[in-house]
Amino acid sequence: MALVSDGAFIADEWRRLADEESLPGFGKVIVSLARAAAALDDPRLAAVGVYIANTADPKTLAPHLSRLALVDIAFPAFTDGRGFSLARLLRREGFSGELRASGRLTPDQYLHAIGCGFDAIEIPDDLAAHHGEANWAKALHARSLSYQRGIPGGASILEQRRHAHHAKPSLVDILAPRLAALDLDHRLRLARELIPGRIVFTTSFGIEDQLVTHSIFTQGLDIDVATIDTGRLFEETIELWEKTEARYARRIHAVFPQAAPLADFVAEHGINGFYRSVENRKACCHIRKVEPLSRLLAGVSAWVTGLRADQSQAREAVGLVEFDAGRKLVKLNPLADYTREAIVAATEELSVPVNDLHAKGFLSIGCAPCTRAVQPGESERAGRWWWEEDEKKECGLHVGPDGRLTRGPAPEGSR
Ligand code: SF4
């Protein structure tokens, strides 16, 4: 099979699985709708897509739509246009992942497919050989004037779709002033209403995260609550994880570090090798936290965090909503302007379970070997990697390639 995207044949990163094939322990997979729930709940997978018939009822996709990164619609014959209508319906339902058309489509149908919302076309090898890449490229640039006249505002479908692809930063502009006037519950609810696609909240079971978890679960919001099990968590954190699932009768999804790089790191530097140098510590954080987070956030529209601006000097510029240019997603920090005192009061009032470590002086909670209680007068995050001198130390989850907390500029033309 050949995959056409942007008028060129490209490599396919996805693996299509027949129902009798078991789920692999990694990567991006496309499965039948019957297996979607199981695949989506498998934390080892980087992203999940489904393949469906062109006669599928969009309602059957609805329970999974916000979590799916790809939908592949079959085209049994090039004369059968029902897949185009289905694509339009899915886009209208707010599906923001990749839409793929699979079957015996020809370059003549390419622009129409794009106009209906498709991102890529998968064709059999014989068709690919017959038409060749050059014909697909030519078709992509063969927009007619009449085709363009039907587009409001004079923009072509392609231009509009490119704009839509980069439209997330404008959501930031829309959300920021509206969120400022709301409390936590209403912030999360409004974000869920306005942001299409899958939203993930990552918890490390600190007091802020527990309040956000409470808000998501008690309001029944379609936001996935997930955590990174680094393998070095406190026993108290594991107990709270279990207690939280029991309290809200909901599962908190977990992602784990990949075994091979972790084994290599431990073999080379020792089980606590992160104490030996900042480089080692950052490498350990990358393997145990940053890489698993990248898998967790693949294909996600928005990422919710429990960051507060007054937690540390490094976090003082954290906003309620930002565009994470590195990960190309909306980052929502609904507690950015809350104080610790307000959060403590809210958790007490709502009987939200909190980590026993807080009562022992652990204000910010991370991995056990890298977190200690803070002394009176110390900043909240002074107990994290306390042997390092850098005042702005972070584990890398919220840091961009330039070393700053990720508040990337919006792509050009989106404001
Ligand atoms: S906090 Fe410590 S143990 Fe946890 S990932 Fe980072 S260096 Fe490794």
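Quick note: numbers below take in every heavy atom, side chains included, and nothing from hydrogens, waters or symmetry partners. Ligands are counted one by one from 1 in listed order, and the atoms in each one are counted from 1 as well.
Taking CG of L70 as the start and CZ of R100 as the end, the distance is 5.0 Å to the nearest 0.5 Å.
Judged purely by distance below 3.5 Å, without hydrogens or angles, the side chains of D183 and H186 pair a donor atom with an acceptor atom.
Of the candidates A283, P369, C285, P257, the one placing a heavy atom closest to atom 5 (S) of ligand 1 is C285.
Less than 4.0 angstrom separates some heavy atom of R281 from each of these atoms of ligand 1: 7 (S). Remark: ligand 1 atoms within the under-4.0 Å shell around heavy atoms of C370 are 1 (S), 2 (Fe), 3 (S), 7 (S). Interface of R288 with ligand 1, defined as ligand atoms under 4.0 Å from a residue heavy atom, comprises 5 (S), 8 (Fe).
Aromatic ring centres of F265 and F274: separated by at least 6.0 Å. Here the two rings, on F362 and F234, have centers that are under 6.0 Å apart. Centroid-to-centroid, the aromatic rings of F217 and F201 stay 6.0 Å apart or farther.
Coordination check, C284 versus atom 6 (Fe) of ligand 1: failed, since every N/O/S atom of the residue sits at 2.8 Å or beyond.
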